[in-house]
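All remarks here apply to the structure that follows.
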Amino acid sequence: MAVTSSHVRSKNHKKLKGVNPFRNKLKNQQSDKKKPVIFKDFEDDDQDEFLDNLVQSENKTPTYHKLTKQELKTRADEILEKQRKKLPVYQNKDEIMTYINKNQVTVLIGETGSGKSTQIPQFLINSVSKGKKIAVTQPRRVAAISLAGRVAAEYGCIIGDEVGYSVRFDNRSNDKRTKLKYLTDGMLLRELMMDKKLSQYEYLIIDEAHERTILTDLLLGFIKGLLQGSRKNDLKIIVMSATLQADRFSKFFDDAPILFVKGRTYPVENFHLSLKDSEEQTDMVESMIRSVIQVNSSEPFGGDILCFLPGQEEIDKAVAILQKISPILKDSYIKQKLKIPEIVPLPLYAALSPSKQLLVFNKLNSNKFQRKIILATNIAETSVTIPGVKYVIDSGLRKVKIWRHELGLSTLLTVPVSRASCQQRSGRAGRESEGKCFRLFKENDFVNLPSQSESEIIRCDISNPLLILKKVGVKDILNWSWLESPGKNAIVIGLEELYSLGALNDSGELTEKGEKMALLPLAPHLSNVLLEAMERNCISAVLDIVACLSVENLLLNPNPDIRDIVNEKRYQSATLGRRHGDLIMLKEFYDIFNGLDSVPEKKQWCQEMSITYRGFQNVIKIRRQLKDYLKKIDANLEKNEQFKNKGTASNDDEESDDDFIDTNDKKIDVESILKCFLYGFVKNTAIGMPDRSYRTTTTGEPISIHPSSMMFSKKDNPGIMYTEYVFTSKGFARNVSRIELEWLQEVAMGVKKFK
DNA sequence: CAGTATAGC
């Protein structure tokens, strides 16, 4: 029986060699094989849309917009017969539905390929009351969008009709007609801030709950409250999770039943280092390269190799070496008359330019005797699915950023992954046919790994989550229904932080300012900066910079061979930035980008500066959204000095940003801007010492300016302010600006001080 | 004079 209720099967680790206890084989899958996608022009950033469609390609969305109602229906019937009915979840529909109908909360373990995310919501769609909806949450935007597309096709409607989605910047749902809405968990949380009862929903399906993102954890905590209170009788919950976390969810919801549905993937054989291998420490990159060569030469042609390494540095190093030895190997194979494919190494990590990321999806020329070697971070573990992978080599390592509450800094550590991660990684080899996973550690080490990774909530800065709790009206945060509490210490420090930013009053209640901060889609510090800027006549420039800060990897790390040229170009372009620091540099770059007339010019400039064009498009989207929020927050905004003479802007024009330009748009008021930032980052300051080093104002610890900063070579700053403090080989200030000591005094007087 | 996983509003 595919469905097992009320318990999670225990796993026998002794079986691991040669047998994968987590997968079951299913035949006749050839029809589901993905078609190869070939890209002709990899330099075009506009192809990012294609990338979005490719990630999570299991749910690839065809477009049915032009089809008539009848055609939609016909198509849906066809999918039902040919595909849906074969899914394990569909085959166990009645049994699953019995459990869901009987229980307020059901935990469902659905393995990859079981069809849980697409089918379960459809089983429920016809039993939803008039005017009510089903919400299905996802941790990632692309997943929400592609699932909605797939399900709309299966249901036989246009996206945004009965089936829709809602993610940041993109809402395709209809308040009245949409019955089934896929959304990011962050989006549902935002809806929760507006309507504490989530009254429009009758079913909440929390998908990928085992990933334990902060936002999913918060949602589950709020849901528990709802089930015990106002929504006791008219709300049902389905938590979808991987095996290892299912027990936790079941216990959290008063021993809710656990259903287990098998997946449809191929078996993967796991190999570990032999026990006889020497204990001596070898270089990870070196052993990865050895393994790649070995696997490539010993395994039959056909099927690519996916390698997991902890970070960009290791990946770049490995790619460089593999590229160097690839032609040498090829020659030697030919000379020895060995039939071994040539290796084509490809890097994959988030900070890689979008065009280079796309290369991993490119199908190699079938006439050439080659094998792709993809060297990836854990971006390939959940976010990106690469077709054609048959072999996985796992270093067993990853990088984790850990927030130190008491120090207000984050540390970046390379740590062993969890058993859950190992299984997820090896599963990547069995998506299209049976595969093999080679682990660069011993079986004994595997057994001793933690069963799952530390959840986000206990290793991240929780000031924003705490602000959300306050906004939703949680009084006793320490004893709130935490799925996992971040701990008293973290909570107290986080609340102190909110208090010092003026979000909470002396009694710990949310202030008017705190209300506004909770509404802004930013970290509380940055919200505070924006609110301060509203009163200082420099909101436009500060908004530009804050929007830039909200985009990850806007400025790429240029490759070593062009690094000096790019750095010099950046330095030359930021005439104010090289004196005042990185924040002002961002403002200058923003202005330059916007000042260029045509898209080709903008792209050209981005290329030269090693900036992502797409990143800047996001900056502009975010800026527009922040501006809209600010308008909502401050009803008097239109009367504000900066908006006089402009009146109400006509909203039909996409470029209606004009109403937000301050009077001094040509001249950058450096002092005002940096003082605004000080209001959010007073604690992130350091004072210049006579020996030209810096010491933090809070603890007196030595701190160095990170080499990636414009301020790195500038030694005459009386003080510095930074938006990030990280500890790697030593304490580094990242994103650094020069400040005068008088500013520090002035702002510190204006900021409520704790202690 | 160093070198940063991933995701979300």
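Each chain gets a letter, A, B and so on, in the order the sequences are listed, and its residues count up from 1. Treat the numbers as computed from the prediction; the structure is a model and nothing was measured.
With hydrogens and angles left out, the side chain of A:R190 and the base of B:dG8 share no donor-acceptor pair within 3.5 Å. One donor-acceptor pair, N or O on each side, does fall under 3.5 Å between the base of B:dA5 and the side chain of A:R459.
One atom, CD of A:Q452, and another, P of B:dT6, lie 22 Å apart when rounded to the nearest Å. Protein atom CG of A:L413 is 13 Å distant from nucleotide atom P of B:dG3, rounded to whole Å. In this structure, the CD atom of A:Q138 is 13 Å from the C1' atom of B:dA7, given to the nearest Å. Rounded to whole angstrom, the span from the CG atom of A:D564 across to the C1' atom of B:dA2 amounts to 14 Å. Rounded to an integer number of Å, the gap from A:L189 CG to B:dA7 C1' is 14 Å. Atom CG in A:L188 sits about 12 Å away from atom P in B:dC9, given to the nearest Å. Atom pair A:L183:CG and B:dA7:P shows a separation of 19 Å (rounding to whole Å applied). Between A:E211 atom CD and B:dG8 atom P there is a gap of 10 Å when expressed in whole angstrom units.
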Distance-only donor-acceptor pairs under 3.5 Å for side chains of residues 545-555 of chain A, two or more places apart:
{"residue": "A:S550", "atom": "OG", "partner": "A:V546", "partner atom": "O", "Å": "3.0"}

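Side-chain nitrogen and oxygen atoms of A:T184 include at least one within less than 4.0 Å of the OP1 or OP2 phosphate oxygen of B:dC9. At B:dG3, one or more side-chain N or O atoms of A:T728 fall inside 4.0 Å of OP1 or OP2 (strictly under the cut-off). Here A:T213 does not reach the OP1 or OP2 of B:dT6: none of its side-chain N or O atoms lies under 4.0 Å away. Considering only side-chain N and O atoms, A:S729 lies under 4.0 angstrom from the phosphate OP1 or OP2 of B:dG3. An OP1 or OP2 oxygen of B:dA5 is reached within less than 4.0 angstrom by a side-chain nitrogen or oxygen of A:Q312.
For A:P707, the side-chain atoms get nearest to B:dA2 when compared with the rest of B:dA2, B:dG3, B:dG8. Comparing B:dA2, B:dC9, B:dG3 against the side chain of A:E313 picks out B:dG3 as the nearest. Of the candidates B:dT6, B:dC9, B:dG8, the closest approach to any side-chain atom of A:R140 belongs to B:dG8. Distance from the side chain of A:I379 is smallest for B:dT6 among the nucleotides B:dA2, B:dC9, B:dT6. Residue A:F732 has its side chain nearest to B:dA2 when only B:dT6, B:dC9, B:dA2 are considered.
Relative orientation of the A:W482 and A:W480 rings is perpendicular, given thresholds of 30° and 60° on the angle between their planes.
If you check every strand for non-hydrogen atoms under 4.0 Å, A:R692 touches nothing. Counting any heavy atom pair closer than 4.0 Å across all strands shown, A:F712 reaches a base atom.
With sequence neighbours excluded, no residue satisfies salt bridge (charged side-chain N to carboxylate O under 4.0 Å, His left out) with A:R428.
Residues A:I457 and A:E484 approach most closely at CG2-O, 3.6 Å, considering heavy atoms. In terms of heavy atoms, A:P345 sits closest to A:V319 at CG-O, 4.1 Å.
With A:F446 as the aromatic partner, A:R439 meets the cation-pi criteria of under 6.0 angstrom to the ring centre and within 45 degrees of the ring axis.
Comparing A:P558 and A:N553, the nucleotide of DNA chain B nearest to each residue sits closer to the 5' end for A:P558. Summary of the strand contacts: A:R563 and A:D185 both lie near DNA chain B, and taking for each the nucleotide with the nearest heavy atom, the more 5' one is attributed to A:R563.
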